[in-house]
Amino acid sequence: SSIFLFAGSVLSEIMENWNTTSDFVLLGLFNHTGAHQFLFVLVLITAFTSLVGNALMLLLILLDSGLHRPMYFLLSQLSLMDMILVITIVPKMAADYLTGRTLISPVGCGFQIFLFLTLEGGECFLLAAMSYDRYVAICHPLRYPVLMSWQLCLRMTLGSWFLGAADGLMQAAATLNFSFCRTHEIDHFFCEAPSLVRLACADTSVFEYAMYVCCVLMLLVPISLILISYSLILAAVLQMCSNEARKKGFATCSSHISVVGLFFGAAIFTYMRPKSFRSANHDKVVSAFYTIFTPVLNPLIYSLRNSEVKGALRKCMDQCAALSHD
């Protein structure tokens with residue numbers, strides 16, 4: 001979006017003033033033992049599968065007119081965010097591991113922080129928008145076209161991208177504004193604000209507190225909205241007289257609840273733990289989970305547990321098969 005591009009250009013202009021800072025060294029996720037080489041290949045396969053799965057989800061939603069509804073538009077944005085997240089993190093990590101050149105410039109580091117926080121923050125609010133969509137669909141089905149209009153859907157989508165970009169821009173600019181007088185080695189496989197702040201020679205307690213409060217708000221506000229939506233959905237489903245209707249209601253939401261649990265569980269573990277409980281190895285493992293492995297689970301969960309997506313996929317495969325026979 002234009003907001004996303006504007007925020008990136010502003011960040012680029014800000015970081016031009018910081019060219020005096022020397023490059024950082026990313027220590028990475030793997031060493032060159034046999035076990036770690038196997039894990040590296042596994043990560044590459046997972047990342048490739050994630051890109052293919054999310055691209056396929058985007059194409060299905062774009063090409064199948066039966067999926068041209070707000071729910072699936074929001075799902076397409078989730079797939080887009082996951083694709084950009086994988087592209088932001090994995091190619092650089094893989095190139096560093098294969099070439100041994102692990103340097104990253106301050107500008108490159110800033111863009112990684114900005115993109116990462118934009119996508120993670122945007123996904124928080126996008127999942128909240130998706131929970132509202134499910135609430136309206138189940139609790140007010142007759143008023144769905146009014147309560148979940150395309151205009152509102154687009155506003156919620158743009159709002160998700162904007163809030164994520166605003167958080168990413170502020171944190172990236174503030175983080176790289178510190179002077180780094182210690183070693184420039186970042187004990188991570190990509191530039192993440194908490195890992196970079198540890199290298200600053202100034203007192204970062206105020207910034208760390210502000211960053212903690214910001215992360216708490218970015219997590220707790222959406223998750224509170226999600227919990228409210230699903231509490232109302234659960235109450236409505238339990239009041240349904242038909243067992244078939246109850247099963248359909250639970251099935252409709254189960255895929256979304258699974259994605260929410262995976263995403264927010266990892267994010268809360270990373271950003272809401274007390275500083276005394278943090279360790280670089282734990283941070284790297286959890287970061288790998290929600291930057292590499294969670295994006296591959298989202299299209300699998302939604303395709304395997306959603307009959308409309310499975311139907312669209314079957315129709316697409318039948319059309320491809322028919323074309324190949326011709």
Side-chain angles (χ1 to χ4, degrees), residues 4 8 11 23-59 76-124 126 161 164-165 168 171-172 185-196 259 262-263 265-267 269-271 280-302:
F4 181 77
L11 181 62
D23 291 348
F24 297 102
V25 177
L26 293 169
L27 297 184
L29 184 61
F30 305 115
N31 56 40
H32 289 275
T33 62
H36 279 229
Q37 288 172 352
F38 170 77
L39 290 173
F40 173 73
V41 173
L42 180 63
V43 163
L44 290 186
I45 292 171
T46 304
F48 178 75
T49 306
S50 172
L51 290 174
V52 172
N54 283 293
L56 181 60
M57 185 69 74
L58 273 170
L59 281 173
S76 73
Q77 295 300 298
L78 181 67
S79 291
L80 179 61
M81 288 180 176
D82 283 341
M83 286 179 67
I84 298 174
L85 181 62
V86 171
I87 292 169
T88 300
I89 303 299
V90 176
K92 170 64 177 168
M93 181 199 73
D96 288 351
Y97 183 78
L98 292 172
T99 64
R101 297 183 61 184
T102 59
L103 295 178
I104 185 168
S105 68
V107 173
C109 197
F111 269 110
Q112 270 201 338
I113 293 172
F114 167 69
L115 287 170
F116 173 74
L117 290 173
T118 295
L119 297 166
E120 292 295 301
E123 196 161 325
C124 287
L126 189 67
W161 281 101
Q171 288 205 43
E185 291 184 345
I186 302 173
D187 195 3
H188 215 304
F189 60 95
F190 69 97
C191 280
E192 195 173 24
S195 300
L196 195 59
V259 171
L262 289 169
F263 178 82
F269 181 84
T270 300
Y271 289 102
N281 287 333
H282 287 164
D283 286 348
K284 286 193 280 188
V285 170
V286 176
S287 294
F289 177 77
Y290 66 75
T291 58
I292 300 168
F293 292 99
T294 300
V296 78
L297 294 175
N298 290 347
L300 289 175
I301 289 170
Y302 278 109

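Just so it is clear, the structure is predicted and the values come from calculations on it, not from any experiment. Side-chain atoms are counted along with the backbone in the values below, which use heavy atoms only and exclude waters and symmetry mates.
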Subject >> Residue pair Phe30 / Val43: nearest heavy atoms and the distance that separates them >> reply: CZ-CG2, 3.7 Å
Subject >> Minimal non-hydrogen separation, Ser79 against Met57, with atom names >> reply: OG-CG, 3.5 Å
Subject >> Distance-minimising heavy-atom pair for Cys109 and Ile186 >> reply: SG-CD1, 4.2 Å
**OP:** Check for a donor-acceptor pair, side chain of Ser76 on one end and backbone N or O of Leu58 on the other, with a separation under 3.5 Å.
**Re:** no
**OP:** Look up atom NZ in Lys284 and atom CG in Leu29, then write down how far apart they are to the nearest 0.5 Å.
**Re:** 6.5 Å
Subject >> Heavy-atom check, side chain of Ile84 versus side chain of Leu80, under 4.5 Å >> reply: yes
Original post:
Counting distance only, does the side-chain N/O of Gln112 pair as donor-acceptor with the main-chain N or O of Phe190 below 3.5 Å?
Top reply: no
**OP:** First locate atom CZ of Phe114, then atom OG1 of Thr88, and finally report the distance between them rounded to the nearest 0.5 Å.
**Re:** 10.0 Å
**OP:** Only pairs at least two apart or in different chains count here, so list each side-chain hydrogen bond (donor to acceptor under 3.5 Å, both in side chains) that has a residue in residues 40-51.
**Re:** Ser50-Asn54
Subject >> Distance in Å, Ser195 OG paired with His188 NE2, rounded so as to fall on 0.5 Å steps >> reply: 4.0 Å
**OP:** Measure the spacing between CG of Leu98 and CZ of Phe40 and express it to the nearest 0.5 Å.
**Re:** 4.0 Å
**OP:** Compare all side-chain heavy atoms of Asp23 with those of Ile104 and state whether any distance is below 4.5 angstrom.
**Re:** no
Original post:
Tell me, do Glu123 and Asn298 make a side-chain contact under 4.5 Å, heavy atoms counted?
Top reply: yes
Original post:
With a 4.5 Å heavy-atom cut-off, do Phe189 and Asp96 have their side chains touching?
Top reply: no
**OP:** Measure the shortest side-chain to side-chain distance between Phe48 and Leu44 over non-hydrogen atoms and say whether it is less than 4.5 angstrom.
**Re:** no
Original post:
Are Leu26 and Met93 close enough that some pair of their side-chain heavy atoms sits under 4.5 Å apart?
Top reply: no
Original post:
When rounded to the nearest 0.5 angstrom, what distance separates NZ in Lys92 from OG1 in Thr102?
Top reply: 7.5 Å
Subject >> From His36 atom NE2 to Leu42 atom CG, the distance as rounded to the nearest 0.5 Å >> reply: 12.5 Å
Subject >> Side chain to side chain, Leu103 and Phe24, heavy atoms closer than 4.5 Å >> reply: no
**OP:** Grab the two heavy atoms, one from Ala47 and one from Val86, that are nearest each other, plus how far apart they are.
**Re:** CB-CG1, 3.9 Å
